[in-house]
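Structure record follows, encoded as structure tokens.
Naming: A, B, ... by sequence-line order, numbering from 1 per chain.
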There are 2 protein chains.
Amino acid sequence: MVQEPDAERVAATRDRLVTPDEATRLADLFRLLGDATRARLLYALLEAGELCVCDLADAVEVTDTAVSHALRLLRTAGIVASRRAGRMIYYRLADAHVRMLLDLSREHMREER
Amino acid sequence: MVQEPDAERVAATRDRLVTPDEATRLADLFRLLGDATRARLLYALLEAGELCVCDLADAVEVTDTAVSHALRLLRTAGIVASRRAGRMIYYRLADAHVRMLLDLSREHMREER
DNA sequence: AGAACACCTGAAGAGCTATTCATATGTTCA
DNA sequence: TGAACATATGAATAGCTCTTCAGGTGTTCT
């Protein structure tokens with residue numbers, strides 16, 4: 001650790017900063033999006049609205065077991081929601097914020113290069 | 001792998017889907033935000049505009065070595081940019097998209113609970 | 001009831017990642 | 001020039017994560 005060239009600004013920044021707790025929750029959210037399989041699942045849901053596990057496995061070209069594991073993480077975190085219809089379970093994005101986040105990020109990606 | 005209850009919708013979804021390559025790049029971006037230390041660094045920069053490594057280490061309460069490693073990842077990915085001033089190196093968020101992403105996510109977090 | 005189906009779960013291993021320690025580079029100032 | 005400072009880098013280790021495999025639950029249909 002070293003000295004502070006601008007102690008005031010550092011102090012001011014620390015005050016308005018996201019708390020360590022908030023930062024952890026934010027990082028947790030981002031980490032969940034930070035996997036190619038989960039990202040593809042989420043963007044599939046963003047496009048399709050609602051899909052069952054087998055549809056998702058087919059769209060993303062991953063084992064249904066892997067999809068199931070991935071969805072559990074997303075479900076637990078409240079990023080996706082599910083509904084049962086017969087033997088199938090349909091998944092959807094849980095809220096508008098997540099949709100915006102995914103959309104904005106995709107735009108970012110596409111404008112960059 | 002199982003059958004497709006709605007083959008048409010799956011096919012349509014797969015077409016408009018983010019490509020595996022795009023998904024990977026998006027996941028790479030999110031993964032970088034998906035660590036509490038890096039998240040705190042980024043939000044510190046979002047608030048302060050520009051900070052040197054020692055300021056950041058102080059604000060986030062992490063070793064300056066750890067900060068340096070974290071910043072290298074963010075720099076390499078084009079998420080932050082740096083400028084040297086004497087022996088100090090000032091970091092800032094690289095573009096407006098990242099700022100929006102961070103801002104939107106924080107709002108999301110704060111509205112949720 | 002039993003078979004087929006859609007999905008879930010737990011355990012285990014391979015691979016990745018973050019932090020630390022030791023050391024190196026580049027800069028200022030006396 | 002040399003000492004002090006700010007930051008960067010490489011190697012190593014501990015911890016986490018994703019996928020797979022094997023088996024389990026709940027549902028439909030005959």
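- A heavy-atom distance below 4.5 Å is found between the side chains of Ile79(B) and Leu29(B).
- Within the 3.5 Å criterion, the main-chain N or O of Gly86(B) finds a donor-acceptor partner in the side chain of Arg84(B).
- Atom CG of Leu51(A) is separated from atom C1' of dA6(C) by 15 Å (rounded to the nearest Å).
- Taking the charged nitrogens against the carboxylate oxygens, Arg25(B) and Asp21(B) do have a contact shorter than 4.0 Å, which makes a salt bridge.
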**OP:** Classify every nucleotide of nucleotides 24-30 of chain C by which part a protein heavy atom approaches to under 4.0 Å, writing B for the base, S for the sugar-phosphate alone and - for neither, in 5'-to-3' order.
**Re:** --SSSS-
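- Summarising the geometry, the separation between CE on Met88(B) and C1' on dT7(D) is reported as 11 Å, rounded to the nearest angstrom.
- If you check dC8(C), dA8(D), dC7(C) against the side chain of Cys52(A), the one that comes closest is dC7(C).
- In this structure, CG of Asp55(A) is placed 17 Å from P of dC5(C), rounded to the nearest angstrom.
- Closest contact between the side chain of Arg72(B) and the listed nucleotides dC7(C), dA6(D), dT9(D) involves dT9(D).
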Strictly under 3.5 Å: I want the nitrogen or oxygen pairs between protein and nucleotides 15-22 of chain D, one per line.
| from | atom 1 | to | atom 2 | distance (Å) |
| --- | --- | --- | --- | --- |
| dC18(D) | OP1 | Arg38(A) | NH1 | 3.1 |
| dC18(D) | OP1 | Arg38(A) | NH2 | 2.6 |
| dC18(D) | OP2 | Arg38(A) | NH1 | 3.4 |
| dT19(D) | OP1 | Thr37(A) | OG1 | 2.9 |
| dT20(D) | OP2 | Thr63(A) | OG1 | 3.3 |
| dT20(D) | O4 | His69(A) | NE2 | 3.1 |

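- At whole-Å resolution of the value, CG in Leu71(A) and C1' in dC8(C) are 11 Å apart.
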**OP:** Evaluate the criterion salt bridge (charged side-chain N to carboxylate O under 4.0 Å, His left out) for residue pair Glu47(A) and Arg106(A); output intermediate values, then yes/no.
**Re:** CA-CA 12 Å; Glu47(A) 288 301 328; Arg106(A) 188 175 48 186; 3.0 Å; yes
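- Between the side chain of Ser105(B) and the main chain of Leu101(B), a donor-acceptor pair closer than 3.5 Å is present.
- Phosphate proximity of dA8(D) to Tyr91(B): present, with a side-chain N or O under 4.0 Å from OP1 or OP2.
- Using a 4.0 Å cut-off between charged nitrogen and carboxylate oxygen, Arg40(A) and Glu22(B) do not count as a salt-bridge pair.
- Counting to the nearest Å, the C1' atom of dT17(C) and the CG atom of Asp28(B) are 14 Å from each other.
- Distance, Asp64(A) CG to dC8(C) P: 9 Å, rounded to whole Å.
- In this structure, CG of Leu56(A) is placed 9 Å from P of dC7(C), rounded to the nearest angstrom.
- When each of Glu50(B), Arg75(B), Arg83(B) is checked for a side chain to side chain donor-acceptor pair (under 3.5 Å) with Tyr91(B), only Arg75(B) meets the rule.
- In this structure, NE2 on His97(B) lies 6.5 Å from CG on Leu104(A), to the nearest 0.5 angstrom.
- Leu41(B) has its CG atom 13 Å from the P atom of dT7(D), to the nearest Å.
- Listed by first then second residue, pairs satisfying side-chain hydrogen bond (donor to acceptor under 3.5 Å, both in side chains) with a partner in residues 29-38 of chain B read Asp28(B)-Arg31(B), not counting sequence neighbours.
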